[in-house]
Amino acid sequence: MARSNAERPTHGFTVAAAVDAVPSARRQVAALAQNLGLPVSDETLETVELLASEVIANAVLYSGAPCDVAVTRNDERLRVEVTDTDPSLPSAVEAGPNDESGRGLLLVDALADAWGTQLEPCGKTTWFEIRPEPPSTEGLGNSSVGALSSPRTRAAAVGRTDRQARMASPANPGPSYTPATAGKQHQAA
């Protein structure tokens with residue numbers, strides 16, 4: 001499924017309809033991301049892997065069918081698209097403190113620069129974009145354990161903390177997040 005366009009390089013593959021295929025798929029997304037000609041730090045690759053894992057796992061779990069993954073350079077952003085056969089749009093659920101799932105879309109919302117969904121003739125495409133951060137040129141001896149090294153990581157940590165506080169607030173018993181179609185910077189692909 002690999003496509004190539006000099007102005008918008010894209011690489012793709014199909015993921016089997018099995019949850020155990022997700023770890024390999026997320027590593028493949030990271031490997032493809034490195035080949036798009038964007039400067040990508042290790043931290044950005046970790047974020048891309050995490051978000052790809054969440055979106056691919058949702059596609060496999062809810063569609064029960066294989067899904068297609070495309071990794072694209074879109075101007076100066078890295079774009080990952082996951083197309084599955086389930087036409088229902090993803091929605092965030094309120095996860096309890098002991099729940100093992102239900103936080104994936106919160107992570108995507110907190111860490112992606114933009115994300116959304118688009119209905120397709122035979123399902124939907126869920127996508128996210130990340131503006132890559134170049135590898136750091138700072139000395140390795142200047143970092144401290146637990147330090148948040150990039151603006152995106154700091155903003156994401158603050159965003160998660162704010163969301164967690166709102167979710168824990170007794171004055172706000174409902175979900176504190178919005179469904180994918182009303183999230184930040186949603187745009188048609």
Side-chain angles (χ1 to χ4, degrees), residues 1-4 8-86 88-93 95 100-118 120 123-135 150 152-153 155-157 159-160 177 179-180 183-187 189:
M1 179 169 116
R3 319 181 286 230
S4 185
R8 188 174 175 177
T10 301
H11 305 283
F13 60 96
T14 299
V15 179
V19 176
D20 60 356
V22 174
S24 174
R26 76 171 176 235
R27 288 189 295 274
Q28 191 169 354
V29 167
L32 292 173
Q34 291 179 301
N35 295 324
L36 292 177
L38 290 169
V40 181
S41 68
D42 289 343
E43 183 178 308
T44 299
L45 282 176
E46 289 173 7
T47 300
V48 168
E49 275 192 74
L50 173 65
L51 299 183
S53 182
E54 294 296 338
V55 175
I56 293 168
N58 280 347
V60 169
L61 282 171
Y62 294 109
S63 73
C67 64
D68 291 327
V69 178
V71 181
T72 307
R73 178 180 179 166
N74 186 6
D75 295 321
E76 292 305 312
R77 288 187 178 189
L78 172 68
R79 182 179 178 104
V80 177
E81 300 175 349
V82 179
T83 303
D84 64 57
T85 59
D86 182 2
S88 57
L89 297 177
S91 62
V93 296
E100 293 182 12
S101 62
R103 296 174 185 82
L105 289 178
L106 289 175
L107 285 171
V108 173
D109 188 55
L111 298 175
D113 290 312
W115 73 282
T117 56
Q118 176 179 328
E120 303 289 346
K124 70 176 171 305
T125 296
T126 303
W127 58 269
F128 65 87
E129 292 182 349
I130 299 271
R131 187 181 330 270
E133 296 176 10
S150 75
R152 178 184 303 124
T153 305
R160 282 192 302 273
Y177 36 83
K184 64 181 179 184
Q185 294 185 11
H186 288 253
Q187 36 188 301

- prompt: Among all residues two or more places apart in sequence or in another chain, which pass the side chain to side chain contact (heavy atoms under 4.5 Å, CB included) test with L61?
  reply: V19
Pairwise side-chain contact, V82 with N58, heavy-atom cut-off 4.5 Å (strictly under): no
- prompt: Rounded to the nearest 0.5 Å, how far does CZ of F128 lie from OG1 of T47?
  reply: 9.5 Å
query: Which distance, rounded to the nearest 0.5 Å, do you find between the CD of Q118 and the CH2 of W127?
result: 9.5 Å
field: Stepwise side chain to side chain contact (heavy atoms under 4.5 Å, CB included) test for L36 and H11
entry: CA-CA 9 Å; L36 292 177; H11 305 283; 3.4 Å; yes
message: Looking at every heavy atom in both P66 and A17, which two are closest together, and how far apart are they?
response: N-CB, 3.5 Å
message: Please find the pair of heavy atoms, one from N74 and one from E129, that lie closest to each other, and give the distance.
response: ND2-OE2, 2.8 Å
Residues that S63 engages under side chain to side chain contact (heavy atoms under 4.5 Å, CB included), provided they are two or more places apart: A65, D84, T85, D86
Value rounded to 0.5 Å, distance of CZ in R26 from CG in L51: 12.0 Å
Atom pair CD (Q34) and CG (L78), whose distance is rounded to the nearest 0.5 Å: 10.5 Å
message: Using every non-hydrogen atom in the two residues, find where V60 and A18 come nearest and quote the distance to one decimal.
response: CG1-N, 3.4 Å
task: Taking all non-hydrogen atoms of both residues into account, name the closest pair between I130 and L111 and its distance.
output: CD1-O, 3.6 Å
- prompt: To the nearest 0.5 Å, how far apart are CD in E81 and OG1 in T125?
  reply: 6.0 Å
- line: Between the CD atom in E133 and the CG atom in D42, the distance rounded to the nearest 0.5 Å is 12.0 Å
- prompt: Where do V55 and W115 land on the side chain to side chain contact (heavy atoms under 4.5 Å, CB included) test, with the steps shown first?
  reply: CA-CA 11 Å; V55 175; W115 73 282; over 6 Å; no
message: Can you give me the closest heavy-atom contact between G104 and E54, atom names plus distance?
response: CA-OE1, 3.2 Å
task: Name all residues meeting the side chain to side chain contact (heavy atoms under 4.5 Å, CB included) criterion together with V40; count only those two or more places apart in sequence or in a different chain, and write none if there are none.
output: L38, T44, L45, P132
message: Ignoring hydrogens, what is the shortest heavy-atom contact between E76 and R131? Give both atom names and the distance.
response: O-CG, 4.0 Å
query: Under 4.5 Å between any side-chain heavy atoms of V69 and I56, yes or no?
result: yes
